[in-house]
Engineer: 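Before we start, here is the structure in question, set down as structure tokens.
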Amino acid sequence: MIQFLQAVKDSTNVAKEVVAAISSGHADQIIEKLIDLCIAAGKNILIAIIVYIVGRFLISLLQRVMSNMLSRRKVEISVQTFLKSLVSILLNILLIVSVVGALGINTTSFAALLASAGVAIGMALSGNLQNFAGGLLILFFKPYKVGDLIEAQNISGTVTAIQIMHTLITTADNKMVYVPNGAMSSGVITNYSRLETRRIEWVIGVDYGEDLDKVKSVLMSIINADGRILKAPTPFVALKTLDSSRVNIVIRVWVPNKEYWNVYFEMNKKIYDEFNKQGIDFPFPQMTIHQA
């Protein structure tokens, strides 16, 4: 602040000298003072522009070097995205301080002013500090990583990036959702990609009067013919419930995680086709009316 006031005072003195020169009618002195004023200001501005251009080049270079180094060391993508975002912010803050210093402003006073403003902003943006801390917790405990299929905060999708403040999730219908890291670190998260296998369950309804042993035999033949279905744990087929208009058969099998949806949908079609071939009827809602 003192430096700024001194600069204002110097500029005022120069302006007074220019006015005095105009009053006395000395044109040469007027031009000389104006030139001195332009040179003093222009030199600092030119240096600041050069510092900004060189700084942007160095930041871009450092980011590329850092990206290559993290890739060579095979650091997790989630950690890479977080570190890149953090380093980018820190380098840009450093560049701003350097440009301000090149303009002739005392960086010590500017840093103190920036620190005071940072405290005030930090108090106003306490939620964002919570998000930053949440991002660190996510990277440390690793409840999920980039590429995982998760469900959290009523959002289901694939993790695209873990940034300083947010986790980016791409939904199945290709929407990008930004979820605050604070909520992600303290909320319930379902990670569908963490384990290598998953269990699929179907509930198939058949008519009353169908031969349940035949139904089970047909279902087991379909299951055994699919090589993607694991033999252990053993596939499970049993009568689940006797509903109002149908008999519900439950089927449970285990598959590799990556095959979950393929097996799920293809099995529906296989069961439908095979039941039609075997004459096993699917039920539909019925109502029996007794006349008195």
Side-chain angles (χ1 to χ4, degrees), residues 66-88 127-204 222-224 226-238 240 250-271:
M66 178 181 176
S67 179
N68 294 333
M69 182 183 67
L70 293 175
S71 298
R72 286 198 304 270
R73 293 180 178 271
K74 298 181 179 179
V75 178
E76 290 185 5
I77 299 298
S78 47
V79 178
Q80 290 189 33
T81 55
F82 185 89
L83 290 178
K84 289 176 184 178
S85 180
L86 177 62
V87 170
S88 176
N128 286 331
L129 295 179
Q130 181 183 0
N131 292 334
F132 177 75
L136 294 178
L137 290 174
I138 290 170
L139 290 178
F140 183 76
F141 292 105
K142 299 180 180 179
Y144 56 85
K145 63 182 184 298
V146 172
D148 282 355
L149 176 63
I150 68 171
E151 183 176 349
Q153 303 298 313
N154 297 321
I155 301 296
S156 179
T158 303
V159 178
T160 303
I162 303 174
Q163 297 183 343
I164 292 180
M165 300 297 181
H166 297 87
T167 293
L168 277 60
I169 298 177
T170 303
T171 62
D173 54 349
N174 203 32
K175 292 186 293 188
M176 182 68 72
V177 182
Y178 291 73
V179 185
N181 284 336
M184 294 293 287
S185 64
S186 59
V188 177
I189 300 171
T190 302
N191 191 332
Y192 295 106
S193 302
R194 177 56 60 89
L195 302 179
E196 294 182 358
T197 60
R198 286 183 66 184
R199 192 187 75 181
I200 308 178
E201 178 176 310
W202 298 269
V203 177
I204 306 298
I222 297 173
I223 293 171
N224 293 331
D226 195 323
R228 296 168 298 182
I229 296 177
L230 303 177
K231 305 305 179 183
T234 305
F236 177 80
V237 179
K240 183 178 183 181
V250 62
I251 309 166
R252 293 172 182 163
V253 301
W254 291 81
V255 298
N257 203 321
K258 62 181 180 179
E259 297 289 352
Y260 181 90
W261 291 112
N262 293 331
V263 174
Y264 182 86
F265 290 116
E266 290 176 18
M267 185 65 69
N268 284 332
K269 183 177 184 304
K270 290 178 181 179
I271 292 174

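Computed from a predicted model, the values in this text were never measured in an experiment.
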Engineer: Can you name the one residue among Ile223, Leu230, Ile222 that meets side-chain contact (heavy atoms from CB on, under 4.5 Å) with Pro235?
Structural biologist: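 Option passing the side-chain contact (heavy atoms from CB on, under 4.5 Å) with Pro235: Ile223.
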Engineer: Please round to the nearest 0.5 Å and tell me the distance separating atom CG of Leu149 and atom OG of Ser193.
Structural biologist: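 Rounded to the nearest 0.5 Å, the CG-OG separation comes out at 5.0 Å.
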Engineer: Would you call Asn224 and Lys231 a side-chain contact if the rule is heavy atoms closer than 4.5 Å?
Structural biologist: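 In short, these two side chains touch, coming nearer than 4.5 Å.
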Engineer: Can you tell me how far CD1 of Ile251 sits from CD of Glu201, rounded to the nearest 0.5 angstrom?
Structural biologist: 9.5 Å
Engineer: Mark yes or no for whether Asn262, through its side chain, and Glu259, through its backbone, hold a donor-acceptor pair below 3.5 Å.
Structural biologist: no
Engineer: What's the separation between atom NZ in Lys145 and atom CZ in Arg194, rounded to the nearest 0.5 Å?
Structural biologist: 6.0 Å
Engineer: What's the verdict on side chain to side chain contact (heavy atoms under 4.5 Å, CB included) for Asp226 and Lys270, showing C-alpha distance, side-chain angles and the deciding distance?
Structural biologist: CA-CA 10 Å; Asp226 195 323; Lys270 290 178 181 179; 3.4 Å; yes
Engineer: Going through the checks in order, is the side chain to side chain contact (heavy atoms under 4.5 Å, CB included) test met by Arg198 and Asn257?
Structural biologist: CA-CA 5 Å; Arg198 286 183 66 184; Asn257 203 321; 3.4 Å; yes
Engineer: Can you tell me how far apart CD1 (Ile150) and CE (Met184) are? Round to the nearest 0.5 Å.
Structural biologist: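 One gets 3.5 Å once the value is rounded to the nearest 0.5 Å.
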Engineer: On the 0 to 90° scale, with breaks at 30° and 60°, tag the Tyr264-Trp202 ring pair as parallel, tilted or perpendicular.
Structural biologist: parallel
Engineer: Of the non-hydrogen atoms in Gly134 and Ser185, which two are nearest, and what is the gap between them?
Structural biologist: CA-OG, 3.5 Å
Engineer: In sequence, state the C-alpha distance, the side-chain angles, and the governing distance for Tyr178 and Leu168, and then conclude on side chain to side chain contact (heavy atoms under 4.5 Å, CB included).
Structural biologist: CA-CA 5 Å; Tyr178 291 73; Leu168 277 60; 3.6 Å; yes
Engineer: Treating Asp148 as the side-chain partner and Val159 as the backbone partner, does any N or O pair qualify as donor plus acceptor under 3.5 Å?
Structural biologist: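 A pair under 3.5 Å: no.
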Engineer: Does Asn154, at its CG atom, have more than 12 non-hydrogen atoms belonging to other residues, nucleotides or ligands within less than 6.0 Å?
Structural biologist: no
Engineer: Does Asn191 use its side chain to pair, donor to acceptor, with the backbone of Pro143 at less than 3.5 Å?
Structural biologist: yes
Engineer: Between Asn131 and Gly182 (side chain of the first, backbone of the second, donor and acceptor by atom type, cut-off under 3.5 Å), is there such a pair?
Structural biologist: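 Between the backbone of Gly182 and the side chain of Asn131 there is a qualifying donor-acceptor contact (under 3.5 Å).
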Engineer: Taking all non-hydrogen atoms of both residues, which atom of Tyr260 and which atom of Arg199 are closest, and how far apart?
Structural biologist: CE1-O, 3.5 Å
Engineer: Under the side chain to side chain contact (heavy atoms under 4.5 Å, CB included) criterion, do Met267 and Val253 qualify, and how do the steps go?
Structural biologist: CA-CA 11 Å; Met267 185 65 69; Val253 301; 5.9 Å; no
Engineer: Okay, side chain of Gln153, backbone of Val179: is any donor-acceptor separation there less than 3.5 Å?
Structural biologist: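 It does not hold such a pair.
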Engineer: Is atom CZ of Phe265 surrounded by more than 12 heavy atoms (other residues, nucleotides or ligands) closer than 6.0 Å?
Structural biologist: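 Atom CZ in Phe265 is packed in, count exceeds 12.
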Engineer: With rounding to the nearest 0.5 Å, note down the distance linking NZ in Lys258 to CD in Glu196.
Structural biologist: 10.5 Å
Engineer: Shortest non-hydrogen contact from Asn181 to Ile164?
Structural biologist: ND2-O, 3.1 Å
Engineer: Working to the nearest 0.5 angstrom, can you tell me the gap between Ile162 CD1 and Lys142 NZ?
Structural biologist: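 The NZ atom of Lys142 is 10.0 Å from CD1 of Ile162, to the nearest 0.5 Å.
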